[in-house]
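Below is one structure, written out as structure tokens; the observations come after it.
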Amino acid sequence: MKAKDLLFQLSRMEHSLQDFSFEELTSKEAAQLKTIFETFKKNLESKIFQPSIPVSLKDENEFLENEEFANSKSPEYTDSNMLIAKVSHEIRTPLNGIIGFTDLLKEDEDLNHQQMERVNAIQKASYSLMEIINELLEYSKLSAGVETFESVPFNFRNLVGDVIYLCKTLVSDKEVNLNVEIDKNVPATLVGDPSKLTQVLLNLLGNAIKFVEKGSIEVSVQSELVDKNKTILKFNIADTGIGISEENLKHIFDSFKQAETNTYMKYGGSGLGLSIVKQIIEQLGGRIKVTSELGAGTTFEFSVPFEVSNAESPVQTTDILSQVSAKQKDAVSGMQVLIFEDNILNQRLIDQRLKAWECKTYITDNAQFGLHVLANHKIDLVLMDLKMPGMSGFEIAKLIRSFEKPDATSIPIIALSADFSARDKEECQKCGFDDFILKPYSSDELLQKLVDNKRDTSITVIEASSSINSKNNKTEKTQIDLSGILEECMGQVELLEELMVLYKQNALEFIGNVRLHLENSDSKQIGFAAHKIKSGLKMMQTVTLLEIVEQIQKCCNSDSDLKHLKFLYDSFLEEYPIAEKAIDKAMDELRK
Ligand code: ADP
């Protein structure tokens, strides 16, 4: 059924590849792209042309061992559903590889104009194919009733803010006004499945944007409180687009149906979006209806019940478009970030955000591709979704930590998870993660995490700790310039001598205090001690010590991991005599 579309996309891609001169390119990426394409093509052909492939639940296939499918003995999980799910799932991974490698090819400065056009064509076709495959997978899971729905607290206004942020990037080249109005009675925190609600909104708004060239799209949300723990949200999405005829309106929620026969050629799409939207809404206990007039516009109305959370909002309401501090943005600008994320919506969202802060992004759910990027690019930070198909985030993190490229083993890795249990936290530490972010997170939160984990500070700490093995080497390198502080002492060396005594006293006090508070596991007091010594270290320009102390402070303000604090404290102890020697040497110079 959808084989036609898949093959159509495939032959478009194949056509582009045929014209593509891999010989001229001689790049490693081109060879990998070719291999991965061939694997993909073979997979697709074997699945499509052998519809009778065994799909028994006993199949030793990795996919079928996947929990959600292994448990899918539902009678509704028909062979055709199973086949669609299997095909979609297996095609996604190599296809992700194709998309990723074409991204890398585009960076190749040797590509001429024609080659670039072909790479773009391959990528465009791959994206359409990916969209169809994702929808097929979602559709088959929903139809079989094996799709799982989350129940987690989420900040409703943040969610809508994210969706609108993404949609605004889609209307940038159109004369379309996109407005949202959320009634003030809508509770701040709801309990439900935020990613499914996002999917519904993005699908409906994505269609509206597709079918409005010039005009407006109005979104409104009202809340009808059932009792103090439950509310029904009523959404209304009205556009002034091309509209749908009365005849076509009757079948609009049917699967694989597009209103006009030429819709696919003109607008793309699989005709599955609305059917998925309807299934999600109904499985959430809601209803959807549509009214439309050809040439005038279309209105979708839907309602969904949600539990109301009385707990504090998990993420503070922030306007997604609000300007984050320029200083923070400058700090991350130019960073190269590798993101492992399988959810297509999250991929888009994270990509938009990072690009807005002028970061370079590499996004994938394909471990092989991610490691390739890591080996060949100067990656500054990794964001890692913990739950991914195939290899989990934990496993990929372990691989990164044991990577041959020495630089990669110390790259900060931040875990992304909607559901972070204590066990996950422990596992994260074991696998070498540096930090984590709970989903859904605000744009400001993400930016803060990038700033906090930016590598230059952690490298210094690693240098400091490695100084254990190369102390002499380090002592030679550490030079302290006291001219600035001497100027502040109006050139009086005696005054500087007095300051120096105070500095050393402070440092010893700090060492003693932290030892004591580490024994008492009192991170609050450790943070306080770190705060106190900071100005002295700044004044003496003992950069490495200052950075270690800043890390201590950061650790006390976040997870207060005592093991890490102890490590930082040891680094300080190692580094302190080296810095002291350098200061003494500089003082000697001044006294001459
Ligand atoms: P597709 O992926 O093809 O967009 P959908 O199920 O989302 O599939 O939509 C099915 C068809 O419904 C579309 O192809 C289009 O013809 C029609 N349609 C959906 N939303 C709108 C809209 N807002 N305005 C006009 N036509 C729409």
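Quick caveat, the model's predicted, so the values are computed rather than measured. Just so it is clear, the values below take in all heavy atoms, side chains as well, and ignore hydrogens, waters and symmetry mates. Each ligand, and each atom within it, is numbered from 1 in the order the structure gives.
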For ligand 1, which atoms have a heavy atom of [X] less than 4.0 angstrom away?
X: I244; answer: 18 (N), 25 (C), 26 (N), 27 (C)
X: L272; answer: 6 (O), 8 (O)
X: K210; answer: 4 (O)

Say whether [X], considering both its backbone and side-chain N or O atoms, lies within less than 3.5 Å of an N or O atom on ligand 1.
X: L274; result: yes
X: N207; result: yes
X: G243; result: no

Give a yes-or-no answer on whether the side chains of S223 and D183 include a donor-acceptor pair shorter than 3.5 Å.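 No, no side-chain donor-acceptor contact under 3.5 Å.
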Under 3.5 Å, is there a donor-acceptor pair linking the side chains of H113 and E117?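 Yes, side-chain donor-acceptor contact under 3.5 Å.
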Do the non-hydrogen side-chain atoms of F211 and I244 ever get within less than 4.5 Å of each other?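 Not in contact.
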F340 and T364, any side-chain heavy atoms less than 4.5 Å apart: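 Yes. Closest side-chain heavy atoms under 4.5 Å.
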D239, portion touching ligand 1 at heavy-atom distance under 4.0 Å: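 Under 4.0 Å from ligand 1, D239 contributes side-chain atoms alone.
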Applying a 4.0 Å heavy-atom criterion (strictly less than), which segment of I252 is in contact with ligand 1: side chain, backbone, both, or neither?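 The answer is the side chain of I252.
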Taking the inter-plane angle between the rings of F300 and F253 on a 0 to 90° scale, is it parallel (under 30°), tilted (30 to 60°) or perpendicular (over 60°)?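 Geometry flag for F253 against F300: perpendicular rings.
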Is it true that the NZ or CZ of K360 lies under 6.0 Å from the centre of Y362's six-membered ring and within 45 degrees of the ring axis?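 Judged by the rule (NZ or CZ under 6.0 Å from the ring centre, within 45° of its axis), K360 counts as positioned above Y362.
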